Each structure stands twice: as C-alpha cells, then as structure tokens.
Number of protein chains: 2
Amino acid sequence: MELSVRKEKILGAVVESYIAYGEPIGSKALLSEMGLSVSSATVRNELADLVSKGYLIQPHTSAGRIPSQKGYRYYIDNLFKPQELSERVKAHIDREIFLAADAPEKILAKTAQVLSELSGMAAITTTPSGDDARVHKIRFVVTGRHTGMVVLITSNGMVKSRLFRCEFVLTPELIAMFDRALNESFVGLPLKEISQAYLQTTAAAFGELSLFMTDVLMAILDASKQAMQTTVSVSGATNLLFLPSYDLLSARNVLRFLSDSEKLSQFLNESSKDTKVYIGKESGRFELSDSSVIITRYEIGSRAAGAIALIGPLRADYKTLIPQLEYASKCASDLIGELLEV
Amino acid sequence: MELSVRKEKILGAVVESYIAYGEPIGSKALLSEMGLSVSSATVRNELADLVSKGYLIQPHTSAGRIPSQKGYRYYIDNLFKPQELSERVKAHIDREIFLAADAPEKILAKTAQVLSELSGMAAITTTPSGDDARVHKIRFVVTGRHTGMVVLITSNGMVKSRLFRCEFVLTPELIAMFDRALNESFVGLPLKEISQAYLQTTAAAFGELSLFMTDVLMAILDASKQAMQTTVSVSGATNLLFLPSYDLLSARNVLRFLSDSEKLSQFLNESSKDTKVYIGKESGRFELSDSSVIITRYEIGSRAAGAIALIGPLRADYKTLIPQLEYASKCASDLIGELLEV
DNA sequence: ATTAGCACTCACGCGCTTCGAGTGCTAAAC
DNA sequence: GTTTAGCACTCGAAGCGCGTGAGTGCTAAT
C-alpha cells in the first residue's frame, strides 16, 4: 500500500521522534519537528487516517501517536536512510575485532561483544555450521604423562581441540602410531559419519591397539560433534534490562529466549542472505513479540556461513544500528576468511 | 548473642516459612507451623522481642514478620541443618560434569550450568589462576599452509591453544625450528615475564629467524595472557528474573554485576577456604545488597584454586543449596585434578 | 482541501474511604 | 513471673471521585 508524500513525511517524523524520545507525539509537537507549513488540524486529519490504516497507534483517545509494528515496517522498507558510520566507530570495530584474531568462535564472540557495547542492545553471533565438513587431518599433542590433546582440523578450516586422559603412559611412539592409524582411517571422512557405533567398528579393526584407543576415539567423537555444532555467542543481554522499553515481563521473555542457545541458533540460521529486520511478531516467536531483530548473514569465501544479529526493543535506532551490524559482520567474516585460508 | 530455645524455634520457623512461601507470617499461622503449645499472644510477645533485637522485620505495623539480614545470618550460623542430597541428584551432577571431561574451563562451565539448573539461581565458577605458573612446554600444530596453532602447556597443567597466521608457508622444517628455538628459550620461564618487551628482545636474539617469529610470538603472548587470567563462567543469570524476590531494579543490579567478569572474579577470589554465605550487604558490594551469595573454593591437588558460587535472593533454600554446591565443587575439582595429573 | 475554534475524552495524580489481617496492650489467670 | 483472652488500634491495599491538562475529533467557515 502506497502513502501520499505528506503522509510518508508525517509517518517518518512520528517514528523518528518516538525512537528518539520514547513518548507519544501529538500534532503540534510534530509540526515543529517537520518543515511542513500546514496547520495542526491538517496534521491531525492525516494522523487519524494513518491510525485507521494501521500505521500508527494511539495509546488512548487524548494521547499522541506512536508507531505500530506495521508503521515501523513501512518506515524500514520505504523511509529510513542508513547513517554513514563515522571513521572513529569503524576504526574501533576494526581494532577490537582484529585483536581477537584467534579461532572463529573467539572472533565471533568478540564481535558480539563489540556490537552489544556499541548498540546498547543484545548481540548474537553464530559460528559457521560444519554439518557437511570432512576430516582434513588429526594431530596429537602430548600434554602430560597420561594426558594428551587431539586436534581435529576440518575441511572447512575449523580447528577443534579436545583433551583426553588415558590409563597408560603416552609415549611418543604410541602417539606416532595413533597419528598414522587414525589419519589413515579418518581423513576425508564426513564428520556426520563419526558416531559411537562407527568408532566401535573402527576400533575393532585395530586389533590389539584398539585397547589403547578408546579414550582417544571418544575425544575425537566429541571434537567432531563440536565441529559440527554451531556455537552461539550472546553478549549484552543485560543491556535490555536498562532500556525503558522493557518491563520485567517482556525482559523475561527475551532473556529466556537469549539463554536458550538451541532455539537461538535455529532461529538465526533459518533466515536467508542479506540484512533483515523483523519487527515484533514478524519473527514468529512469541518471546520476541515486543522486540525487534536485525539480522545479517556473513559468508566465508562466498559460502553461506553464520549469522550476526542484534535484538532489542521495537524502539531501536535502526538508522545507526544496521550499518554498524553490517560493518562488524564484514570485519569478522574477512578476518575469519583470512585465518581459514579461503 | 544467644537466644532462648523457644525464640530460636520461632525464629527458625519464621525463616523457613518465609523461604518456603515468600510471605510475611503472623503469630497464628506460625502456631500451626510449629508444634509449640502456647497461645498466639505469647508468640506475639516473642516476635516483638525478636523484632526489637533486630532478627525480624515487620514490613508495616499490621503485617506478619519476615527475617532481617541478621535473622538469616543467625539461622545459617545456628539453626539450619543441611539436607542430605538424594542419590538421584548426586548421580545427575556426577554424570553431567563427567561428560564435560575436557579442559578445566569447559568442566567449570558445565559445573556452573548444572548448578544453575538445579538451584534456579545464578551459578558462577572461576578457573584456577595461573599467576605464578611457568612455561612447561610449547608445541606447534600446522593447521594450514599459512596457519598454525601454538599449544602452551603450563607448569600447573593448564593447556592453552591459540591460532596464528603468517605470510610465509609453514613448512615442517620451519615448525621444527620454532619448536626447538622456543622451547629452549621459554621452558621454565614464569608466564608473568612474557611481555611484549621481553618478546622483542628475545626475537632479536634469533637473528634471521626472528622475521618469521613475530606472528608466533604474538600468539604465545596471547596464550600466556589467557593462561594467567582466571576465566569466569556465569550460568543461569536469567533465572533471577523469574524469582518473585527480584523486581526490575534489583535484578538490574545483580545482572549488571554478573556480566562484569572483572568485578566478579575479583569478588570470588577474595574469599578464603570453606563454604561461606554472604547475606545481602555482608558481601560489601552494593549490587548484591538484596542478594545472597553462597561461595566455596575448590582445590586442585591441595593447592587453592578457584571458586564456585551461587547468587540469588536472600530468600534462598540454603538447606538444599549448600550441599548441592559443595558436592558439585568436589566433582569438578576431582575431575580437573585427574586431568591435570596432580 | 484546509483551517480555526471548541467541546470532549481520558490518563494521571491526589485525597478520601472502606476493609481486614495482624498487631500491641491491658488486665486477669495460672 | 509467665501466659493468656480480649479488644482497640494501625496501616497497607483496593476502590472511588475529582480536578487537571494534553491532545484529540468534529464542525463550520475559508
């Protein structure tokens, strides 16, 4: 549905004023906000019309107007202009993320932290899923007499390490044997196929050696499970408690959702490319019906990877947040791409 | 200050009833809770006395009584009896923690998760500090053409790994050289002494090789920093929002405190051995003035290590929580001790 | 289509009242 | 001296009425 130019101007002004001040705005106040040279009565007529069309809400008869979810949607689709990020903010994001140039999950955790601090909302990142990855190689590090570390390197560049402990003494010869035997039988294997059952049959094939293997194999199983799972990192959930838009009840809902990484990763991974904004109920999760989600997906080496998102109140400063999110996403995916050599 | 037997009985009943139901309790209701055969008037006299002595509070003149912080304190010091854990709960804790038999920080994160789920409060764990640790050995794993992983093993058994990327190709020869050179110069070195400055002088000594070293050295610096820091793991902070004792305001305070890992680790590490309970202001942190903290320290191989704590409302079920905390603490420290071979 | 003018609406804050749980006190009983 | 019955009292919670004012909706004129 199309709106007249004047209606758009008024709707935009209501949305931006409400985002800025958090209070319903009336016809007179609106006039001074916009450059429009009409009377307040005209504005009132337009407002009444916007209410009847569902773009605005009046909390009660004699209050000003606030945007409805439909109003926010129209604003985001047609009216808002993303704000250029200042060089200072860009440099800050660059620097912070670059300092965490470690494994992808570390980089993404840091990205979430930076974003949540900048935005004052909650930030969430997910690591690339390794569902379709294969074993690239397996390495061992002896860490003690009876303890060692398995390092699993996957075809998509992820590195997962897992400690293990065994009853016998870990000699270099033993480790070398493990290394040979396991790489022979595992390299190229899809992670999905590494299951408890598979390991048992594999172990049997090693004959005598298999007695020494069980702890190592369990560690590999666990490492491959970890490599397949997407890790979800949430930062700044507490921020939401300090936003006036949230009362105890709605904060509960959102924070509960944020602390359930199962639900969260499912939700974040169901969206497709590009930056998207879900206003309230659009997200399809009742826990988020009073919140908005800004979500973008990043790619590593032109393959879909994970998601980065901001969750906060409907009354969010989309103008600024969207560019911040996109910039941080680019930083993080570039850095990860570099580290994974793709 | 000592209380008469009857006063103790009454105080105990008020505390336990308030913990159970969360509402002020009056003289009549109290009578039916206890087996005491006196009249309500007598109880009223005793209650009045307990109020004037500061053990109880009446929210207003014509309401029942609730425990004051001093009342909780007396209850914990003299009246309460820890409840035996059921075998089911013990087995549950065992199993869950045992499944996470990986690096200490993983085990502790899992411990926090289990505790928060059992208690319905927030659980926090800290890893042992590696402040006085030394380099035990350094290992390398080649993960790609240009990327590798440094594994730092410290004298106290911690294992930290860090990825790095370098411009040149990582050949096995190069890695072997790194291994030799770095272990020669770092083994036995206190982690504290590994600083940017120290590394620069060290690097200089390697002559030509030093050009290849910078990325590796930075990775080592970062790994040693990580090994020295205690990692704080918080789980179940959101639980607090669902407890009737917390309103938005006090929840804000606690959750803000919980999301500041700096403050948190400082707070948790300042307490000494044994299980301790801080009631409200006793903790000395205004953010916790409406909360109670149950904290215990664990040891690894009879050396003080980290802390495990529960944070929740004053109105907490200390009887059950304290044994849970202590049992989980024992599980976690045993398991870590085993993995670190001490 | 726009505007001036005006009656109207409704949340908010304030004070009043009623209700009832639970008290504190007193005087009598043990 | 301690305990108890009895009763007046206190005070928060909930409901009601009222005045205030921001901001509206409507009408009639432009």
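Here is how names work: the chains are called A, B, and so on, in the same order as the sequence lines, proteins then strands, and each is numbered from 1. Treat the numbers as computed from the prediction; the structure is a model and nothing was measured.
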In numerical order, the residues of residues 19-33 of chain B whose heavy atoms come under 4.0 Å of DNA chain C are B:Gly26, B:Ser27
Distance col, row A:Leu30:CG vs A:Leu47:CG, nearest 0.5 angstrom, shows 6.0 Å
Checking side-chain polar atoms at under 3.5 Å, does [X] have a donor or acceptor matched by the opposite partner on [Y]?
X        : Y        : value
B:Glu326 : B:Thr296 : no
A:Gln113 : A:Glu117 : yes
B:Ser40  : B:Ser27  : no

Only distances under 3.5 Å count here; give the side-chain donor-acceptor pairs of residues 58-67 of chain B to other protein atoms, sequence neighbours excluded, each with its distance to 0.1 Å.
unit_1, atom_1, unit_2, atom_2, d
B:Gln58, NE2, B:Thr61, O, 3.4

A:Ser119 meets the side chain to side chain contact (heavy atoms under 4.5 Å, CB included) criterion, sequence neighbours left out, with A:Met121, A:Leu310, A:Leu321, A:Gln324
A:Ser39 meets the side chain to side chain contact (heavy atoms under 4.5 Å, CB included) criterion, sequence neighbours left out, with A:Ala41, A:Thr42
Taking NZ, NE, NH1 and NH2 as the nitrogens, is one of them in A:Glu270 or A:Lys263 under 4.0 Å from a carboxylate oxygen of the other?
-> no
DNA chain D: first to last nucleotide in contact with chain B (atom under 4.0 angstrom from a heavy atom), 5' to 3', is D:dT3 to D:dG12
Comparing nearest nucleotides in DNA chain D, the 5'-proximal residue of the pair B:Pro59, B:Ser40 is B:Ser40
Measuring to OP1 and OP2 of C:dC10, would you say a side-chain N or O of A:Thr61 lies under 4.0 angstrom away?
yes
Q) Within the structure, does a side-chain N or O atom of A:Ser39 lie under 4.0 Å from either OP1 or OP2 of C:dT3? A) yes
Numerically ordered, the residues 43-51 of chain B set in heavy-atom contact under 4.0 Å with DNA chain D is B:Arg44, B:Asn45
Quiz item: In terms of heavy-atom contacts, does CD of A:Gln83 have more than 12 from other residues, nucleotides or ligands at under 6.0 Å?
Solution: yes
Requested in this report: Assess whether atom NZ of A:Lys330 is packed by more than 12 heavy atoms of other residues, nucleotides or ligands within 6.0 Å.
Outcome: no
Applied to residues 36-46 of chain A, the salt bridge (Lys or Arg N to Asp or Glu O under 4.0 Å) test, sequence neighbours excluded, yields A:Arg6-A:Glu46, A:Lys7-A:Glu46
In short, side chain to side chain donor-acceptor pair (under 3.5 Å) pairs touching residues 247-262 of chain A with sequence neighbours left out are A:Asp247-A:Ser250
Report all interatomic pairs (protein N or O, nucleotide N or O of nucleotides 12-18 of chain C) with separations under 3.5 Å.
none

query: How are the rings of B:Tyr74 and B:Tyr55 set to each other: parallel, tilted or perpendicular (split at 30° and 60°)?
result: perpendicular
Set out, line by line, the N/O atom pairs under 3.5 Å between protein and nucleotides 27-30 of chain C.
none

By salt bridge (Lys or Arg N to Asp or Glu O under 4.0 Å), A:Asp274 pairs with (sequence neighbours left out) none
In short, ring pair (Phe, Tyr, Trp, His ring centres under 6.0 Å) pairs touching residues 246-265 of chain B with sequence neighbours left out are B:Phe257-B:Phe267
